[in-house]
Every structure is written in C-alpha cells, then in structure tokens.
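Both ligands and their constituent atoms are indexed starting at 1 by order of listing.
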Amino acid sequence: MEWWKKTIVYELYPKSFQDTTGSGTGDIAGIRRRLDYLQSLGIGAVWLTPVCRSPMVDNGYDIADYREIDPSYGTMEEFEALLKEAKERGIGIVMDLVFNHTSDQNPWFVESRKSKDNPYSSWYIWRDAKEDGSAPTNWRGIFGGSAWTWCEERGQYYLHTFASAQPDLNWANPDVRKALYDAANFWIEKGAAGFRVDAITYIRKPDVFKDGIPDGEDGMVSVHDMTANTPGILEYLHEWKREVSEGKNIFTVAEANGVSADELKYWVGRDGAFDMLFEFSHVNLEFKGVETWCKPNPWTISDLKAALRASQEATRTNGWYPIFFENHDKPRSNSHYFEAGADMRKASKVIGTILYTLRGTPFVYQGQELGYANMALDSVDDYDDISTHGQYAFALEEGLSKEEAMACVHAYSRDNARTPMQWDDTENAGFTTGVPWLPVHSQYRTENAAYESADPDSILNWYRRLAQLRKQEPVLTEGDFEEVFADSDDLFAYRRVTESEEILVIVNFKNHAVSYDESVLDGMKILLSSEPGTAPGIMRALEAAIWKKEK
Ligand code: NOJ
C-alpha cells in the first residue's frame, strides 16, 4: 500500500503558525522551530498552503512567482532546510499548487495586459465588452462582484473566478499548461512529497460565454454555475498527470468543489487524474453548489452521514478518500456540527474520532488538534479575509440587516479558521512578539499546545492517542467501511473490517444520552473512549467510543 494511504496529513497555514521575526505573521523559520510538535502528532506529511511569492491579496492564493518563496515567509534556503529537517523526522512537505489563476502582479499577466499581440496575450481569458461597454457576461465572482475587470491598457475585460487580483489562466493555451507543469516539476525536484491542487474544477472554460439566469438581487449568476466542471476538463488533468505526477513517489489531492461522490470514479483511482480529491458535500451541507453565506439551508446529522457514506462507498474499491472536516476556508468543526451549548472539548473529540477512523487518509487542520472554535470579531472591518467582505456586501444587497449579515460572517468567515496558533500562555500565545495579524482566542491561556500537552484528557492528547491507534491497528487503514445504525439521526457508527480484524466506532453527535442495541458489541472490548466508564448500549452526550472484536 502506498505510503500516503498509511499516513496522516497536517494542513499548515504558515501565516498563522509561528512568527520568529516579530512581524505578526508566521514564517518558515517558525515551522522549523515547531517540527518537534508536528512530529509529536504522529503525522507523515505537512501540506503548506501557498508559500510562493505573492502580494497576499488572498493570503498566497495569488501567486506572482511559482518558483520563489515569498519574502515574508523567508528564503529558498530556509525552505530547503525545512524540507530536509522535516524529512529527517519522517515528514514530507506537500505544496499547494494554485493553477487556475495567478496574481495580477505575475509577470505573465503584467505582459498579457499590455496588448492583444504580445507573447503572453493569450495566457489569460480576455474578452471584449458588450456593446454598451459592460462586462462580457453577468457572472459573479466567488468573492462577490463581477467576475470581469476592465483593463484600460488593453481595452478588454479579463475573467477572474475569484478576486480581480487573481486573473484566470487560459488552460487552452499549451504554453500555459507547460509553464504550470514545469513549475510543479520544479517543486518535485526540490523534494516535495506531493501536491494539493487548488480550485481545479475551474480550469476549463466553456467554448461559448453567455449570460446566466440571475440568482441574486445584483442581476448576476455565480461563475461557479457557469464554468465549474466544463466537459473536457479531464483531458487537461490526464495530461497534467502524465507530465507531472505519474510514476513518482508523491501524492496528489485536488480541491474540487462541485465534484460529487458519484463522479469521483472519473477523478481518482485507476482511471483518475489524482490520488485523492476533496469532495465538499459533508462540509457544505447547508449550501447547494457554491457557498452563499446568507442563504444557508437546514440540514441534519442524517444528511452529514449520507454525505460521508456516499464518499466512503464511492472509494470502496477504487480510489482513496482524503478525510477532512476543517480547512483554512471552513468554520471550525466543533462550532459547525453540534447543537447550541455543546461542550467544545467533547465535540472536538467526536470529530477527531471520525477523522482518524474512517477509511482514507486523515487531513487534520492546524488548531483542530487543540480544539479551536470559531471566533466572532465585532465589526466586519476587523476581518482580513477578502471573501468575508464580499459575502457581507452581498448579504446586505440581498436585503439582510447589518446584524443578520454579521451573523453570517460569524458563522462562516474563513478567518474563523485562520487565527494564530496558540503555543503557550505568554502574550499573544507565543505566536508572535509583535502584533498578530489576527487576534488569538481569548481563552488562549488554557487552549494552547503547552497546556494541552500536560493535560492527559486534552483534545491534543486525544488526537495523539488516535494517531497511535491508527499505527497499532492496521484495520483502521486497510479495513472496509460498514455502517451501523444508518437510520439514526444521533449516532454515527461503523465497523472497519478485514478478514481477521474488526473495529466498531460509535460517536454521539447529540447533547443528550442515546441508547442503542448493544448486540452490535457481541465479543467486543472497549479500545478507546472519550469518557471514562463507557457502558454497552448507551452513548452519553457527545461521547466517542472505539470497540474491538476479541479474537
Ligand atoms: C481555494 C482556496 O482554498 C482558497 O483559500 C482560495 O481563496 C481559493 N481557492 C482561490 O485560490
């Protein structure tokens, strides 16, 4: 079995991990300083969100140079030292490839915007204005506002799926594709252990660009609905696989919002272009398609279970699943999946238990192992995240009051997941000696790595124990997934089974005790439980328990 199927991946947000210079933002030297901590989590790979040179309009997802480290993070020498020191600890470094778009400061775009006939003129998506001078189509960018920006210099509009500072590349141009593959191979040669590939569902544009039926008061339609997963996209991706990843000892995981579990077979596994694919249905339960924070739909634990079941089933015999509940774009899971008043420590352990025992490779996101919850800031101006400002403005346009729009921000802002790491109980939680770019949680004196390391009952030590369990019990890696109590809206339960072993995992999502038919425990012994004194047939509020069949 490939190494990346047997490991745990840690998603690290460098801007918020550890500052060593007093700048208030994290850096590579800070990651190197904390390698012992990362090793103590039992992980085998760290996915770094983008560290390439960038004006940071979208915190690195706007790359100005694919082969340089951003000076705010350090130098290439420091990056190479990180690769080496991490490797010595058995940790691979996974890079984030942002290939749908670049920064508008990227020399390719700087050249492209100059005229209609320069060597880079067709590297981006340029179109003429409509007759009245307005944008070529009524598409709304994912961060709000038109997906088109007028360029006076060239006398045309350019398309940007995200912010106007993130122009979309033209993948139809073979020179663009080659430049991107070369950039990926540059990082493989440096020693990268794999790639997370950003926003990949948008790389192929439709042949004909036309207006869509408006879905909001602004008269626009989400660009996602007009361009995501355009037929033919997989041809590009198979080319990328041939040119970059095939036959190499790395893994690839695609970020592919809009690909559903039943489509996974085309994307991963024997005939797929990637090893794994982040499929979002279980983290976007309240949104159909693209996220519109002010229009969430109700959902239940049964919906969550159905989404997880679908991707487990879809990768049962072909492909592999990257298990995740958090990333740098989503709310904290303990604030998202539980009833009001839920004990955060218990809720965090419920999510950690599923994360480490489903079939697939767990991706734990920075701070999740310490149980961070969402953090509500007072004013929208206190938020850094570019999409927060777009979503807030859109909510007001849709007729929400300022208070209602702020409630959406509090629930969904990406900054919920981006607050600095809390290392100890010193000022700014040991993250920086300067002014942190986002505030640390007010409870940082007890929610920090040092404090939790010393507390045997902490969330951090629960995550460490689960990581050890995955190593001790190969069935958690190799075993099939068989759901139990599928009809329950309270409990999520499943067996992990091989010919010789069987583990049963039960978690209770509810704030109250739930009883169950204890005959499922026949011949089983408790292996690990989040509360002392687990009894057969009953799950206490927010309890997690792992049972094993005695052989
Ligand atoms: C997905 C990334 O995860 C997100 O942070 C970013 O803003 C967009 N892609 C655009 O690159």
Side-chain angles (χ1 to χ4, degrees), residues 9-17 26 47-64 66 70 94-106 109 124-125 139-145 147 149 159-169 171 180 183 195-203 222-224 227-229 252-259 274 276-280 283-284 287 289-293 322 324-332 363 365-368 383-391 412-419 437-438:
V9 183
Y10 187 84
E11 183 195 348
L12 190 152
Y13 201 68
K15 189 169 180 181
S16 298
F17 195 64
W47 148 27
L48 293 182
T49 61
V51 289
C52 287
R53 194 159 69 74
S54 163
M56 302 285 166
V57 169
D58 188 19
N59 288 349
Y61 285 95
D62 46 321
I63 292 182
Y66 286 100
D70 191 78
V94 173
M95 303 298 281
D96 204 325
L97 296 180
V98 187
F99 278 180
N100 175 66
H101 46 269
T102 68
S103 159
D104 61 356
Q105 310 293 307
N106 191 303
F109 186 75
Y124 293 84
I125 313 285
W139 302 348
R140 181 190 316 109
I142 287 181
F143 294 157
T149 291
L159 180 69
H160 47 88
T161 300
F162 297 91
S164 63
Q166 294 166 296
D168 279 33
L169 284 159
W171 272 66
L180 296 174
F195 296 118
R196 178 264 191 188
V197 193
D198 185 70
I200 203 65
T201 38
Y202 301 112
I203 59 170
S222 172
V223 65
H224 175 91
T227 64
N229 291 328
T252 58
V253 56
E255 189 215 23
N257 203 357
V259 172
F274 298 104
M276 296 179 270
L277 180 142
F278 290 124
E279 184 265 299
F280 282 79
V283 290
N284 276 356
F287 303 115
V290 83
E291 292 169 48
T292 309
W293 297 355
F324 79 105
F325 290 92
E326 293 188 13
N327 66 27
H328 61 286
D329 296 329
K330 308 303 301 175
R332 290 296 188 175
F363 281 68
Y365 174 63
Q366 175 174 317
Q368 182 174 4
Y383 285 83
D384 173 271
D385 168 31
I386 186 167
S387 80
T388 297
H389 296 279
Q391 293 273 358
Y412 298 114
S413 172
R414 305 193 303 177
D415 283 347
N416 279 314
R418 298 177 178 185
T419 60
W437 72 282
L438 276 180

Taking [atom] as the reference point, the nearest protein heavy atom with its distance:
atom: atom 9 (N) of ligand 1; answer: Asp198 OD1, 2.8 Å
atom: atom 8 (C) of ligand 1; answer: Phe162 CE2, 3.7 Å
atom: atom 6 (C) of ligand 1; answer: Asp58 OD2, 3.3 Å
atom: atom 5 (O) of ligand 1; answer: Asp329 OD1, 2.7 Å

- Task: Give the C-alpha distance, both sets of side-chain angles, the deciding distance and a yes or no for ring pair (Phe, Tyr, Trp, His ring centres under 6.0 Å) between Tyr365 and Phe324.
- Result: CA-CA 8 Å; Tyr365 174 63; Phe324 79 105; over 10 Å; no

Where does [X] meet ligand 1, judged by heavy-atom distances below 4.0 Å: at the side chain, the backbone, both, or neither?
X: Lys330; answer: neither
X: Glu11; answer: neither
X: Phe143; answer: side chain

Is there a donor-acceptor contact under 3.5 Å linking the side chains of [X] and [Y]?
X: Tyr124; Y: Thr102; value: yes
X: Tyr61; Y: His328; value: yes
X: Asn416; Y: Lys330; value: no
X: Asp168; Y: Thr161; value: yes

As an exercise, identify every atom of ligand 1 less than 4.0 angstrom from a heavy atom of [X].
X: His101; result: 10 (C), 11 (O)
X: Arg414; result: 4 (C), 5 (O), 6 (C), 7 (O)
X: Glu255; result: 1 (C), 3 (O), 9 (N)
X: Arg418; result: 5 (O)
X: His328; result: 2 (C), 3 (O), 4 (C), 5 (O)

- Query: Is any side-chain N of the basic residue among Asp329 and Arg418 closer than 4.0 Å to the acidic one's carboxylate O?
  - Reply: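 Looking at Asp329 and Arg418, the cut-off is met.
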
- Message: For Asp58, is there an ion pair with Arg414 - N to carboxylate O distance below 4.0 angstrom?
- Response: yes

- Message: Classify the ring geometry of Phe17 against Tyr10: parallel below 30°, tilted from 30° to 60°, perpendicular beyond 60°.
- Response: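 Perpendicular: the ring planes of Phe17 and Tyr10 meet at over 60°.
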
